[in-house]
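This report concerns only the one structure given below.
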4 protein chains.
Amino acid sequence: MSPRTVEQYEQIRSEKRTIIMNAAIEVFAEKSFQGASVSMIAQKAGISKGLLYNYFKSKEELLKEIIKNAADTIYQYFDPNHDGILTAEEFFFFIRKNFQVVKENVNYWKLYSALVLQPSVLKLIDHDFDEVSANYIKLVYDLFERSGIEDVEGELLLLTSMVKGAIIQYVAMPDFFPIDKIESKILEYYRNKLSV
Amino acid sequence: MSPRTVEQYEQIRSEKRTIIMNAAIEVFAEKSFQGASVSMIAQKAGISKGLLYNYFKSKEELLKEIIKNAADTIYQYFDPNHDGILTAEEFFFFIRKNFQVVKENVNYWKLYSALVLQPSVLKLIDHDFDEVSANYIKLVYDLFERSGIEDVEGELLLLTSMVKGAIIQYVAMPDFFPIDKIESKILEYYRNKLSV
Amino acid sequence: MSPRTVEQYEQIRSEKRTIIMNAAIEVFAEKSFQGASVSMIAQKAGISKGLLYNYFKSKEELLKEIIKNAADTIYQYFDPNHDGILTAEEFFFFIRKNFQVVKENVNYWKLYSALVLQPSVLKLIDHDFDEVSANYIKLVYDLFERSGIEDVEGELLLLTSMVKGAIIQYVAMPDFFPIDKIESKILEYYRNKLSV
Amino acid sequence: MSPRTVEQYEQIRSEKRTIIMNAAIEVFAEKSFQGASVSMIAQKAGISKGLLYNYFKSKEELLKEIIKNAADTIYQYFDPNHDGILTAEEFFFFIRKNFQVVKENVNYWKLYSALVLQPSVLKLIDHDFDEVSANYIKLVYDLFERSGIEDVEGELLLLTSMVKGAIIQYVAMPDFFPIDKIESKILEYYRNKLSV
DNA sequence: AATGAATGAGGTTTCATTCAT
DNA sequence: CATGAATGAAACCTCATTCAT
């Protein structure tokens, strides 16, 4: 009958936050940020609307936290060794990792892809990850240059287009789009280009 | 002040419909279907809410009509000569036309791209165009096969990914993404493949 | 069947605004700003909650408009002739007018008196009227000085206290507090002081 | 670590009750009864919401207890010697005490003044003190009569108005309103009237 | 005695849609 | 054809209160 300890409370909060955020990712992905209601999210999370507001001070805040949380997770995956050099091997690893992360978080990426197209919501979210992303692009740029590729900028555009196009088609129809096949195809393309 | 003829009336109606639909495309693209209010659309179209409902019986209907109308327009562009054969030249024309259409209707494609990611809204709209699209893919398939390309399916996946990836990046940031450059790059890629 | 003219719409809006504001004054006076719900106000005004928001963009805004509107009305009563001189006669008239205005707008003054005690709400409202009020006090100050009153500041404090005390007691219990009697008493007090 | 005695427990409870009530007075004065949340009060008291409900069974109950507690305290100050006679000296003492009590409990009086204007909340609270108050008025009435004052009722109205007006102005702006000056002024007024 | 997670009713606000004019 | 006032359902959010620990 003694009251819960601070640790117990913290664990409850942390676990419930995760439950809510996961529920929200699902509903946002299905209905879009604006189309999803807080009631739906609470219901999917198995809690009352009121409690959701105990954990997140608004629907907007909930979205921000989801993005922030995902960004933090992805940082870890992609933070390259900071020697400033990206080898061809690392590049292939990066591509594969990229697809793996998407496959493991389809709903998150669906949500994120929709946000990218929605300026009015996009401006709500932090863009810390943009910098990491830009750094990575820079490393790939250097790799392409070192590998004797002529039109480096064009090749980078092609890379981002292929990858983003594959991801968008996959998250739009995860049960039908053959993501593994396109992944192989992209890797194959670069195997030739980077003439390992 | 002679009374207007039936034709005149119909033309007026048709023009106003277009004005409303264009306003709606803009607002939908900016705010998403759910985030856009009928008031905003009416205001942007320069008419009253009531009149909007005179032309479209609901917000949903308005969306459907936009999609249908765009599909009709695009039919015209892409309906190939029905001889069942797509030449390499026609293929290149098709790619170029594709990008041109996107560049001329950025907001429409932004809206459409967002819809593709939103199953709950997507199911509202007609999918007549899907068939045309599938036919076209079939023609490209045949062309690739005829051209001695080995992994035809993989190559098709790569094509749709590159194009969709380019489009999505462009509509997300039309002022910054170098769409012409990626267009050239894609064309170049197929110039090699199709060994014209 | 022809649509309403702009004038007709303006009249409707103007009349309904007044109806809503009057309903709100009553409910605010009875329940306080925070204790009054928009539903109550709409019900008392005989309209739907939604319509209220067509006229006032928030409950706060409604309060502000009430205060502003009242201030404007009261300006007219009290704007003195701008010769910068207040005669004893004018002073008596001012006191009487003051009480009359309160008696004719009990609920408004009840609301206003409560607001004065509530800093968190008070800061929402404009204080344009404060200046007019300060000017008036200045004129009374001069009158008292001209009339040979010794402790002018003390006498001013006494004046505002008597008047405000009378008003507060009256608005708290309008059916029981003998406002006319206290009014006479105050006037009598100054008749002696100003030895007309 | 000997177990606490019943007395110790009760003292602890009593002290905590006081802490909570003081916190509540502050928050009620700042935000009004309806605008203050139980969370704010608990936070200001430095305890949890749950514990607050251990001491007071509802927000309403907390308000009632505050009023009751204050009334009890004030009884002590003002319960006159029960000989049924109020001397002029005692009257002056009463006035001074009155202002002193207000100055020492600004927030309580601010809260109380706001309540007086709010019938819907006012009816929640006990009005035991009203009787004491009425008795006191009676004693003052007698004093005025004995002192040869002509319009006794009018003079009583003036008295309550002056005092309440001074208090209300003071509690509305305690840092600016010169309460000591108006206190002297009122005392002076009665020194003349009661021709001591 | 003490905590804060949890609820649910009810508050404020928005908006698709209808309708009198 | 055209207006915008009006509605009502449903959205977001708050908060007094309860309860397991």
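Note: hydrogens, waters and symmetry copies are ignored here, and every other heavy atom, side chains too, is used. Keep in mind that this is a model prediction, so the values were computed, not measured. Chain identifiers are assigned alphabetically (A, B, ...) following the order of the sequence lines, protein sequences preceding nucleic acid strands; residue numbering begins at 1 within each chain.
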Salt bridge (charged side-chain N to carboxylate O under 4.0 Å, His left out): which pairs involve [range], sequence neighbours left out?
| range | value |
| --- | --- |
| residues 34-58 of chain D | E26(D)-K44(D), K57(D)-E61(D) |
| residues 6-16 of chain B | none |
| residues 28-43 of chain D | none |
| residues 105-121 of chain D | none |

**Request:** Kindly state which residues belonging to residues 11-29 of chain C come within less than 4.0 angstrom of DNA chain F, counting heavy atoms of the residue only, listed by number.
**Result:** I12(C), R13(C), K16(C)

**Request:** Mind listing the residues from residues 35-57 of chain D sitting with a heavy atom below 4.0 Å of DNA chain F? Number order is fine.
**Result:**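 When residues 35-57 of chain D is checked for heavy atoms under 4.0 Å from DNA chain F, the hits, listed by number, are A36(D), S37(D), V38(D), K49(D), Y53(D).
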
**Asked** CG of L62(C) to CD1 of I20(C): how many Å apart, nearest 0.5 Å?
**Response**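 It comes to 7.5 Å.
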
**Results of side chain to side chain donor-acceptor pair (under 3.5 Å) for R17(A) - residues two or more places apart only** = E65(A)

**Message:** Using the side chain to side chain donor-acceptor pair (under 3.5 Å) criterion, which residues pair with Q34(C)? Sequence neighbours excluded.
**Reply:**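 Residues passing side chain to side chain donor-acceptor pair (under 3.5 Å) with Q34(C): none at all.
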
**Message:** Once ring pair (Phe, Tyr, Trp, His ring centres under 6.0 Å) is applied, what residue pairs with a partner in residues 15-66 of chain A remain, sequence neighbours excluded?
**Reply:**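 Of all non-adjacent pairs touching residues 15-66 of chain A, those that pass ring pair (Phe, Tyr, Trp, His ring centres under 6.0 Å) are F28(A)-F33(A).
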
**Request:** Anything below 3.5 Å on both distances counts as a pair; with that, list the stems of at least three consecutive Watson-Crick or G-U pairs involving DNA chain F.
**Result:**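 Output for stems: E:2-21 with F:2-21.
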
**Message:** Which residues pass the ring pair (Phe, Tyr, Trp, His ring centres under 6.0 Å) test with F129(A), not counting sequence neighbours?
**Reply:**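 For F129(A) the ring pair (Phe, Tyr, Trp, His ring centres under 6.0 Å) partners, ignoring immediate neighbours, are Y75(A).
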
Acceptor/donor pairs from residues 111-119 of chain A side chains to any protein atom, 3.5 angstrom cut, sequence neighbours excluded:
residue, atom, partner, partner atom, Å
S113(A), OG, W109(A), O, 2.5

